[in-house]
Amino acid sequence: MSLRPLKEATTYINKQVKKQPTIGLILGSGLGVLAEEIEDKITVAYKDIPHFPESTVQGHKGQLVIGQLQGKQVIAMQGRFHFYEGYTMEQVTFPVRVMKQLGIETVIVTNAAGGINESFEPGDLMLITDHINNMGTNPLIGPNEESLGARFPDMSEAYDRKLVNHAKASADSLGLKVQAGVYVANTGPSYETAAEIRMLRTFGGDAVGMSTVPEVIVANQSNMRVLGISCISNMAAGILDQPLSHQEVMDTTEKVREDFLRFVKQIVETLPETTKG
Ligand code: HPA
């Protein structure tokens, strides 16, 4: 990871920002609508930002939205970069590095995921308490730039416990039922086999997806606090007697949209200001 592209991207974004954001939002498949709730906003297309990759997946917009959400200054990624699209891990996590440079202290990462835990139902929201990196690679492989973080970062509390508790309290205050569990990341883009899902269940996974883990590793290395939320868009392969489809994923996220929006807005509005460490 060289510093020059990072500085150039950050400078470009900073020039357009009126007030410095402190909360970063990474919005997954079908969840980008949250960015539409941001007020007094500016948008910056990924394609205009120096060194930023471009988003290709259906349901992803490909822009940064910067402004106010529930009285807090936020920067939202409307659409993220996936490893399965062919981007390098460095590209996938580049926006997280930029967020750090912009002064972001807390990152809220969201995704659509398949439910492995059989007590879950499509449409559930799950707080990510921990993850399993099953991608077979790591975004920190390669020469380490010490000024960006440690060579061997601690991952023992990758998802900030205080933030998980804060999110649980936020859900309670809204009367919203939320699940909590372990997110497993595979590279995709094929969905899992039924046997793979059985394996992941015995590994301790509750939900499975194709994103989030690279960004969370980099956020941890960068000493940012992380909150992760999965929208359980379908039951994982082999649980129900039906095939999986991207359409089902999009349809379910559409259905839980209102709950998701209320939930994240409540979390942001009452977010404690304390920083990690
Ligand atoms: N598997 C992997 N990724 C996913 C799934 C799934 O079942 N649902 C949404 N993203």
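Whatever order the structure lists them in is the order used to number ligands and atoms, beginning at 1. Only this structure's heavy atoms are used, side chains among them; waters, hydrogens and symmetry mates stay out.
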Next on the checklist: Taking Ser222's backbone N and O only, do any of them form a donor-acceptor pair with Arg97's side chain (distance below 3.5 Å, no angle check)?
Outcome noted: no

Item to check | Test log, rule side chain to side chain donor-acceptor pair (under 3.5 Å), inputs Gln63 and Gln78 | outcome: CA-CA 5 Å; Gln63 60 184 15; Gln78 211 171 14; 2.8 Å; yes

Write out each pair where an N or O from ligand 1 and one from the protein are under 3.5 Å apart, with the distance.
residue: ligand 1; atom: 1 (N); partner: Glu192; partner atom: OE1; Å: 2.8
residue: ligand 1; atom: 1 (N); partner: Glu192; partner atom: OE2; Å: 3.4
residue: ligand 1; atom: 7 (O); partner: Asn234; partner atom: ND2; Å: 3.0
residue: ligand 1; atom: 8 (N); partner: Gly114; partner atom: N; Å: 3.3
residue: ligand 1; atom: 8 (N); partner: Asn234; partner atom: OD1; Å: 2.7
residue: ligand 1; atom: 10 (N); partner: Ala112; partner atom: O; Å: 3.4

Checklist entry - In terms of side-chain geometry, is the basic nitrogen of Asp40 or Lys19 positioned less than 4.0 Å from the acidic oxygen of its partner? => result no

Next on the checklist: For Arg262, is there an ion pair with Glu258 - N to carboxylate O distance below 4.0 angstrom?
Outcome noted: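 Here Glu258 does not pair with Arg262 in a salt bridge, since their nearest N and O are not under 4.0 Å apart.
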
Next on the checklist: Hydrogens and angles aside, do Asp124 and Gln179 bring a side-chain donor and acceptor to less than 3.5 Å of each other?
Outcome noted: yes

Next on the checklist: Under the criterion salt bridge (Lys or Arg N to Asp or Glu O under 4.0 Å), I'd like the reasoning laid out for Arg4 against Glu8: C-alpha separation, chi angles, the key distance, then a yes or no.
Outcome noted: CA-CA 6 Å; Arg4 192 184 54 84; Glu8 287 177 5; 2.9 Å; yes

